[in-house]
Each structure stands twice: as structure tokens, then as C-alpha cells.
Amino acid sequence: MERQPSILVIDDEPVVCESCQRILSKEDFKVDTNTNPKEAYNQALLHNYDLVLLDLMMDEMDGIELLTALREEKPNLPVIIITGYPTKKSKQEATDLGVSDYIIKPFMPGELLDPVTHIIEHTEVVGKKELIGFREIIGLPKWERSEKHFMFYKEGWLQKGWDDSYRVGGQLPDLDGESILSITIPDVNSVIYRDAPLAEITLSNNTKRSIPSPVSGRIVEVNNELENDLPFIENNMYSKFWIGRVLPKDIEEDIKYSTTRNLLFFTGNTENKNHYYRQLIDLGYIVQQTSSIEELMNRIKEDQLRTVVLDAGSFPGEVPGYVKRLHKTFRDLKIIVFDRNDNDVAKKYRKNWLFSYCVPPLHAKEISGVLNKAFSNAGIEGIETKYETAFQPEVIDKIHITNRYNKRETAVYFLYDDEDEHAESIDMAELSSYADEIPGIGTIWHSHDFPVMDANVVAEQIRETHTKRIIIAGDSPGKVKDMFVRAMIISGNDPKDVLLAGFRDHGAIYQSDTERAKAILFCALYGLFYDEAIKPGENPVNADTLIIGGGIAGIQASLEIANSGNRVFLLEKSGTIGGHMATFDKTFPTLDCAACILTPKMVEVGQHPNIELMTMSEVVGVSGGPGNYKVTILRKARYVNLNKCTGCGICATKCPTNVPSEFDSGTTLRKAIYMPFPQAVPNKYMVDPAHCRYIQEGKCGVCVKACPVEDCINLDAKDETVEITVGNIILATGFKPFDASRIEDYGYGEYPNVVTSLEFERLVNASGPTGGRIKLRTRDKRGNWIFDPASDEPESIAIIHCVGSRDRNYNAFCSRVCCMYSLKLAHLVKEKLPDATVSEYYIDMRAFGKGYEEFYNRIKREGVHIVRGRPAKIEAVDGQLLVRSEDILNDTLIEDKVDMVVLAVGLEPGGDTDKLSKMLGVPTTEDGWFMEANNIFDPVNTRAGGITLAGVCQGPKDIPSTVAQASAAASRVLQNIVKQKVHKNVSDLSLKKIEENIQQLSNIKMVCYERVN
Amino acid sequence: MNELIEPDLFKSMREFGADEWQECYHCGNCTAICPLTEKNILFPRKPIKYMQMGLRKELEACVEPWLCYYCGECTEKCPRNANPGELMMTLRRYLTTAYDWTGYARKIYTSEKWEFISIGILATFVLVLFLLFHGPMTTILTSEGGVQLNVFAPSGIVHIGDMLMAATVSFFLISNIFNMYWKIVGRNRDLRIPPGLYIKEFKSLIFNFASQWKFNKCDGKSYWFLHWFLMSGYVILFILIVGFLGWFQTDEIHPWWHPQRLIGYYATAALLIGVGYFFYGRIKKSRERLKHSHISDWTFLVMLFLTALTGILVHFFRIGGLPMLTYYMYVAHLMILFPMIMIEVPFSKWSHLAYRPAAIYFSNIKEAALKQKQNHK
């Protein structure tokens, strides 16, 4: 173009004129503006403009009026309407008058430039009579009205349009994994000849392919969208891979040399009919379909068709027979079968009778590849004439389009705070070098590269590095998105090309998640959802479930699953289910008796036909995989026959050995043969081998003699190992209380009246050492410190919060429930000892749940002293305990002597957590609890397939939350059982596989996109 | 009482010490474990609150930092590792600069350059004085074989210099104490303090100044003792050079059991051993309070050590009859001693000799006044 294109902008708002002028003059157009429509009209008539930009709503003259007048004098002048108020009427009027495009204010620079350059350089104005609807104004002419089928000429094809032009394109069969680097196509107004190269394609392995033109003529339009649509080309999606529109010189002659491709599609399945049928149509084939074998054979005979596609899925088992018949009747018929790949099916076919055997799900690429092979054998003979072509790469302007994903035009900005980096966080250096190696990424920035987050500075960098897309990668990338969007606009790029790769949102938090972070980055590059890309495959699932842990979480989950009719193995380490909740006296905030609400569920579990209860059992080995776990369980010997024991208890009365009771946290004594508590399930006795005299020394055996049932107690029993196969596992292993003796200053273990909350809970409970009376610990006859029902009552009690929690020297996390249970204990004291002084020493009062704040207020009203401040040390003074604490809200120091101190100990992960974590492949977080799939919106799943979490083992929580989570875990399990599938482990997916998934998905995404359009 | 909050107060604190105190979540453990806290003397948590809230005036009215002897138990017990012990030390440094109305203290605390340049200037000043005005550097020994130090540096003149130095230092220090008084007690308009109270509490001031008795509540007696030992050495020497220089800086060589020698040896030993002990502790970081050292801590120890060392060397060179060495060492001694006293006493770490007893004094006064007020109600 020797002459500079000139454009006239007519708009009564000076701002619009100015911006248009600014934007367009950048592209080297000569721009004139006018805010007065009448003057502008004259201007347009006098000068020769290449394009007019016209506003519709103007005060002095309506745009449509102006356009009407203009059209009378200059019918071929291209006009683009810019308006802020598109109404249907104005659009209709405008299209009747013939406009080339329609832009709506406010617009981005790109929105203006694209149609303008398009029109100036490439298209002719589309006349009035040829317009069909509004969409046509914006886009290219629709090809719906055209004949659907293509005519093929070697690798090219042509399709007749509804005007006199023909659309031409090509196909690239057998692209074995290469991607397209660039395509060179001729420019508009070039003359093209049949058989001359229409497009030259450079592949990623640096080979070239060319597509011969099926038509001779002049090119009137070129497909500009090729830049974005290279993946379509790779998939042979013809409606996108069209190269140009040609006005043919002698179409009759050209058609002689191309052929249509006819085939028969045999299917009985309506769903498949739509799916593959559409694909075949899109590929340009003339498809006849039928569902009867007789009709099929008739058609083949009559129409002399040579290719047939059989969809075997709709005729299970019958197709091999049909193939035999077809092959016998028509020797040179090409038969293509779509069928499954498992051995039983594939065997039935005689492969040498088939042209091709394809396994669904089938991609358009695959289908086109197979069909192309089928049809290309029937070639055209003898066209060897070479024609002179005007298409010579050195002479004519050509459009060079390169593959977006291979162009190094994407920049990655790593957002992280150097100060926040520590040994446990994602390895940014590794991520950075990974990003460097991805072909599409051209520039890498780190946080410290932009010490000042200023959009102008960043825009400079964007221009310098020729960046067209930006990915912001980090924990919270959205923080800086606005700034980058502004920077992109300033530098003239599309602001929509700022993508986020959020690590924390997708569960990449610790250093072990670095691989995951890489996958997230890769997904962002392709603009795909990470969760889709990492969908691990699925396994079939065994309907049985194993629940490890028999506390309230395990009980709840097992009941949920068992009630649905599926079998559950409930495993419990100790001799009874019930867990910690069974040891509580009352539960907050309703002050329900814990045992009263728990024991009915326990009994239900014990009696449920679908629940196999295994107490005194531990998991010692796990093998297999999701959906099919083989678990080895060690069943420790109970020494008492579960079926025979009646629970009478005579054995225990005779047993000579006393042992501190675990259930009562050591406040009472039990015998070596014992029932953990009277409501235990199973309600049977058990023997403690570490303390039984017979087992340890061979003496005694009194219990056996005393037992009224024969062969009930067997002190020679051995541990057993069993193996079970389950599909899902629920971890409900609970917690262990913080060991208060680790804090020496509180004197736990040294001073007898310093007790933990669990011990106090037992003291206050009616089945505890004192029958529920709160008494001081005193020395008994033998010098042991015990809770004696007859001893004195304490007159003052202090309850200290946060023992072992919120403390960087012990556990930095908050155990969540201790504030509430401390208030509950205070209430219980006030209930039983109304005159006692009760003080609570806290740091923050965490009353977080339903009814909890009201409970707190109630306790305050009951006269409990609530002191903000924590004692650091307990000292024994004059037989009492000295509590020294700052009273922060009253600005003074408290030095109080109390009779008893209760330490609100926190929750810690149970002792078996590490072992289970390794066996099951469920990692733990840094504070030791099991790691959930995502802390915020998926606290039930884990990264291991088929393993879910319930209860405190995932993190400290109160009883309502535990029960809810247990039901949630059960629902996940049931989901898997109903679907009969369970996800594999996420960790089984290697980074390479994820990358492949992403690339595949990216292709599918393009296909789906095309479907919508 | 309206007070403006300074949200950036914490930034100015950074130069005085570690800033982990921002982690504090006000559990009160530190106050509970501190052996020195009482019903209305609550620290170290309260000053942290003032710092976090940006209440500068309240902070400067605190006496609590001076009541703390940095046993470090609070830091050990803190569940947030907020290091309250170090915070109290930081506050002591900060308050030293806050009481100083000249602003000089702040400069040398926050900038090493200022401190060293100041030392350099003052030392050079002494050197120049000597270069210009020194007496003959005679090599003739006395009859006892000692160097004639008083010919080179007549004690009468040096004495005048000492007294001038003492006066200047006292002026600054006492004015700073008044500033401290004003910040702590004086600005409290609604608390009227009957004059009799000042006199009544005065004896506690003297007592605490002399004995530092409260010190031994922390950490046991050995720390208190070593500090007292060191202090006694310094006090003795100070009194000698300001009051009795003529007697002390003699050309006579007394027998070793003579008080002039014994006292000198005692004082030097106290200084060297004391400083050595604290220096060693800071290097080894064996206790909590020794783990964080500011530049002001080191300069103090180093200068004191060098003063004592040069002093004793002067003595040995003198009685050993080495004239030139004696003269050089004497000049060196004064070159170190002069800046040390001029800077450290009113403007730097040594000011604690006044601020600590004054703090106890003022806090007692305040407490007594409050009690009186309540009794009158």
C-alpha cells in the first residue's frame, strides 16, 4: 500500500473523536475527525476516505440520516457504526443501508482497531441484499446455507458458499504429535491456481507441508482467526481451518478434478447418531445413515459406496456377524468399525477383513485420519499440470501466523514475599527453572523485579519483552491482578490475557507440593481448570468400608454407612467403642449427659447387622490401592470369649491386681480383668496382659475358676492377624490430650491437687471415683494420693486455659474446645459446690459455636470469676496452691491461694498418627493432624483415593462438628459405592501425565468451543 | 485525658533492640512469672501494650523498665516468643534517650558513627590539651625509683580538670533526672504530692542507690554481688579522682599494704573482674539476658575495661621506673577515661546509676501519694 489509508471519524463527542484519532494514528492511518455532522457529510463527499466511523446518536443530525444521505452519493464507502445505544431498530436500519461493522461504546483499543484494519486491508463492503441477520455484520458470512459437504482435492477441500465465492481449506492427516509452528498463506487479492500451494505449514519438527488449492481464482478474503485456531487445524476441524474465500475463474473445470466423499454410517444408538454423525458431517463427508443391515446392504449396492462405518456399540455382539456378511458380499468394501477394546470383544473380529478398528471415545482428529486414509486411495489420476502462480513468497505480502502456545510471548510473574519463605514453603527456584523450560513462556519475573508495583513501570517491561500474556503465580495472585490488567492496557495488549495461577487455592502449600505447583502453572498457561487436569483415573470399588477409630466420629460414620445397607468394619484400639466422649460428664453448651446421648448410638453399632465391630484391633499393614485396599489387622487377644461372657463381673471381684484405670484417667483403680466402663460396647470383660499375674508370672488364674461360664476366660489366648479387603477407609482416630507434666511450672504430677480437665471430668461424673462429688486428693492408708469420697471438698478452684496450646514452646495451634469445656467445668463446680470460689484464667475466650456465647454469659452470671491473664506458675504454699496472675482488665496482680487447680489441656494428634500416615499414604500437616484435600472447601477428602477423614484427627473440633464431618465422610464413601468408582490417588499422577492431560484437554476445549459456536 | 496515638512508634523502637514484642497477645504470663511485680507494679506486659498502641507519653512515664533486672524468665515463659525481657532492655535504652533533653543520647544510640566520632573528638581534645600543656617529660626517677608523674601532669591541674568534668556530667545528669521526674510524676496534674513525701521517701533512694537490693530478687545472689562489686570499684575510683586526686596520684611509692595502693588494687580488680565477667557472659550468651547485645552494651564494657587496664598499667610503669611508658600510658588513660565518663554517664548506659534509684524513688512517691489520696476520700 503506497498511500496512507484515510479515515473519517464522525461523532459529536469530542472525547470519542480524540480517542479514535489517537488509537488509529498509531497504526499509521490518516485520521480526520469532525463533530459536526453536516460539515462531516460535506467532508466525506469531497475527499476520498477509505473508511468512515459514524456515531448514531448525534444532536444535530441522526447517524442514520447521515448514512442514508451518504449512501446515495457513495454506495461503496465502508462505514463502521460506533454507538453507545444499540437498539434493534437502529441496527436494522443500519444493516439495510449496508455497514461493515458495529462497535459498541465504550470500547477497548483492540475492539476498534480490529474491525478497522480488517476492513481497510481485507474485505469489501458487503452489499445490502446479501445480509441475512445481525450476526453477519459482525462476523464472517455464515456457511450454514452452503452445501454442507466438501469436495476434496488431495489435501485441500473446497466448499460452495451462498454467494459466488468458494471457501477453500485443507487437512493435515497423520500429524504424529507435532504441532504447528507457522502457516504461510497468500494475501487478499492474490491470484491462486489449482494445484498451486495454498498454504505452507511449518511443523514443530521443522518439516514443511503444503496444501494444494482445489480452485483457481482470486482470493477475496483470508481467515484471520488462524492465529488462535491452530489447535483446530491440528484436529482437522475444517470449519475453522479454512484458509480463504476464492472467487473462482472457472469453477466447472475445477470441480471435475475434486470429489465428494460419500459414506454410510450404520448405527442404532440415537446418542451416537448425533455425536459421530455430526462429526462426520463437520468433516465434510456426505453421510447416509441407517440402522438396518438389510438397508445398509441395499444402499451399498445401489449407490456403489465403497466405505462404511459401523458403530458396534449400538448393536452389542452382533457386529462381527455383520462384518462377515458384508465382507462376503462386497469384496472391496472398506469397513471401519467403532468398538470397545477389551479382549473378548476385539477377538471376535477378523481384523484382516476390516479397514480399520477404532476404539471410542473418538476424537475428530482420529476419525478424520482414518477416513482420509480410506478415501485417499481412491485418488485422482493424472493432474500434473503445473501452473504459474502469483503466490511467490518473496514477492507478495503474506500473513505469517505462528502457534500461540509455542510463541515465547507469555510472561510469568512469581508473587511471593521473600520474608515469608521458609524451609517448608514451595520451592520457588525450582518452579522458576521449570517455567523457564516451557516453550510458551518467554519472560520470568519475580517479586523483587518490581520493587514498585506501578502499572507504568510494568507496562514498559511488557513492551520491552514483547509479552502478550501474563500469568501471575503465587499464593494470592489476585492481589496484584488489577495492577497487571492496567499495565496490559497501557502497553496495548488485551487485558483479558492476565491469568492467575493460585497455589494456595489448589492445595499447593508446602514444599512437598512443588510438583503440584508446577502443574498449576502449566494449567494456567493453557487457560484450563486445574481440577479437571488432575482428575486421576478411577478404580472400581469394593463395597465394604473400614473405619479406623471407634469414637463418636467412627460411630456416626459407621451408622450412616451401615444404614444404607453396606458393610462396615469398625476398628477400635481399646476394648470398647465410645472414645473420649464416653469419658465426659456433660457436654457443652446444652449440658446434656454425654453418656446418655452416646450410649444409644454405641448400642446401635453393637447390634447392627452390617457393622462388624473389631475391638482391641489395630491396623498393621495396608496394601492394594484405592477401591481395593487389603488391610492387615492385628487382633489383640481379649482372653475372654465374646460370645460366652455374660458380663456378670464375678471375675473382677476376685482378681487380686489393681491398676489405674485408663478410662478414668487414672483417678480410679480397676482390676487386671475388667470392663472399661459399665456401658462399654461390647459389654464384655477383657484382660490386661501387662498386669495379669497369670500371663506375666504364671501364677493365679482365680478369674477362670470364679467364672460361672465354662471356657469363657482363656488366659492362654494369642493375638491374631486377619486380612480384610475394603474399598474405602475412613480415618477417625481422634486425639490424645496434651501431657501436662511437660510444663513443670504448673506442678502437675508434683502437687496432688493439680489435675487435668479429663481427670476432673471423671471426678465430677457419677461413675467416677467419688460418685460425682468434688473432693480434694488426699493420702490413703498406703500413702497413695487418691480421690476419696469422704475427704474434704475444695473451697476454691482455679481453672487455667491454654495449657499446651497457643504456645510456641509446645503447640502453637489453638485446641478450640478448651475454653468451652473449661466454662462447663466451672458450671459443674458451681452446681455441686455453690459456695466455692471458681476462677477462670484465660487469654481469649473462644465461644465460637451455636449457643456458646450465651453459655459464656450464663457462666458469668453464675458467679464464676473470669480473669483475663494467665498464671505462669503454681506453687505450693501452706498446703494450698498459690496462683499468681496478672488481672489485665482490672490492671492489678492477683495472688490467690486455691485448693485445687484444673489445667485445661489441649488436644494433640494421637500417637498412631505417624504410623497410619505412612501406611495409608495420607500426609500430615506441620502440626501433626492428618492433611485434608483442601482446608477450606474439602476438609473430608484426602489426597489418597478412597480415604476420608472424620473428627478430631483432621483438626481439633467440638462434638457437633465431629458428627457433621463423620456424616460427610460417610456420604463420600456412599457416593463412591453407588458410582462403583473411586478416584485413584492424586499422587499417582506424574507431572508428565498431568501435562499430557492438559494438552489433551486443551484440544478438547477447542472442540467444545467450536460446538457452541 | 486525651493523648495522640502514634501508629509508627514501633518503627522508632527498632533501632533500640529486637522487635519481636509485636507478637505479644497479652496473656500476662510474663507479669505472672516476674518475681519483681507487685499489685501496682505490673511489667513487662503493660509497657508492651503502650508500645503496641503507640502511646508515647504513657511509655515515657513508665518506671517499670528501671525496676527490671533482666533475669530473663519472662522470655523463657512467653508462649509467643515475644521476648519481653529484651523489650525491657530496649525500653531502658529508649528511655535513656527520652530523658535526655539535648537529643545527643538518641544520636549515639541510633548511630554507631556518632558514638565513635564523639569518642574520637573527646579523646583528641584530651590529646591536644596534653600536647599543648604537658609538663616536662623527665626521665629522672624519684628517690624510690618511681617516675615523676606529677612533673609531667601535675595533679593539681588534672584535679581541676576532673572537677570540671564531674560538674559538667552532673549538670547533664541531674537535668535529665528532672526531665524524668517531669515525665513520670510532674505531668500528672491531678496528683498532688505533698512535699513531705519527697523527704520521707528519700532514704529509700539512698538505700537503693547504694545497695541495689532489689536486684537480688532475680536470679539469686551471685549476679547481684558481682554487680555490686563492680560498682564499688568504680565509685571508689570516682571519689578518689574527683575528691582526692592529690593523695591518689602521688609520686611516692608506698608499701603494698598502704591504703593508696590497696584501695587502688581493689578498685581495679573489681573493675577488671566485673567487666570481664559480663563481657564473657555476653559472648557466651549463656543466659537469656545475655543473648541480645546492642552496640551501646559493648562500648560501655570495652571503655570501662580499657580505662581500668590503662590505669593499672600507669601504676605499674610508674613504680617500675619506666618514664616514657608511664607518660604515654597516662595520656592514653585519660584519653579513654574522659570520653567514657562524658558520654556514658549522662547520655548512655551508665546513666542507669541515676535512673534506676530515681525510678524506685518516684514510683514510691507516686504510690504513697495515691494511697494518701485514697485514705483521704
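Numbered from 1 within each chain, the chains take letters A, B, ... in sequence-line order. Since we're looking at a predicted model, the values are computed, not measured.
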Legend entry - Neighbourhood of chain B inside residues 887-902 of chain A, taking heavy atoms under 4.5 Å as contact: A:Ile888, A:Asp891, A:Thr892, A:Leu893
Legend entry - Part of residues 857-874 of chain A lying next to chain B, heavy-atom separation under 4.5 Å: A:Arg868, A:Gly869, A:Arg870, A:Pro871, A:Ala872, A:Lys873
Inset, instruction - Please check if atom CH2 in A:Trp929 has more than 12 non-hydrogen atoms from other residues, nucleotides or ligands closer than 6.0 Å. - result: yes
Inset, instruction - Examine whether an atom of B:Glu76 lies under 4.5 Å from a heavy atom of chain A, and if so say whether it belongs to the side chain, the backbone or both; otherwise answer neither. - result: backbone
Inset, instruction - Tell me, for B:Cys34 versus chain A, whether the close heavy atoms (under 4.5 Å) come from the side chain, the backbone, both or neither. - result: backbone
Inset, instruction - Report, as yes or no, whether the 6.0 Å neighbourhood of atom CD on A:Glu795 holds more than 12 heavy atoms from other residues, nucleotides or ligands. - result: no
Legend entry - Spacing of CG belonging to A:Asp807 relative to CG belonging to B:Asn29, to within rounding of 0.5 Å: 7.5 Å
Inset, instruction - Check side chain to side chain donor-acceptor pair (under 3.5 Å) between B:Arg45 and all other residues, then give those that pass, not counting sequence neighbours. - result: A:Glu886, B:His26
Inset, instruction - Find the one option among B:Thr31, B:Ile41, B:Asn81 whose heavy-atom pairs under 4.5 Å with chain A are most numerous. - result: B:Thr31
Inset, instruction - Could you tell me whether a side-chain N or O of B:Tyr25 sits under 3.5 Å from a main-chain N or O of A:Arg806, the two making a donor and an acceptor? - result: yes
Inset, instruction - Count the heavy atoms belonging to other residues, nucleotides or ligands that lie under 6.0 Å from CD of B:Glu23, then report whether that count exceeds 12. - result: yes
Inset, instruction - Using a cut-off of 6.0 Å, state whether more than 12 heavy atoms not belonging to B:Tyr280 lie near its atom OH. - result: no
Legend entry - Qualifying residues under side-chain contact (heavy atoms from CB on, under 4.5 Å), relative to B:Ala368, sequence neighbours excluded: B:Leu197, B:Glu201
Legend entry - Crowding at CG, B:Leu4 (>12 non-hydrogen neighbours, <6.0 Å): no
Legend entry - Interchain contact, B:Leu42 with chain A, by part (heavy-atom threshold 4.5 Å): side chain
Legend entry - Under 4.5 Å from any heavy atom of chain A - which part of B:Cys74: neither
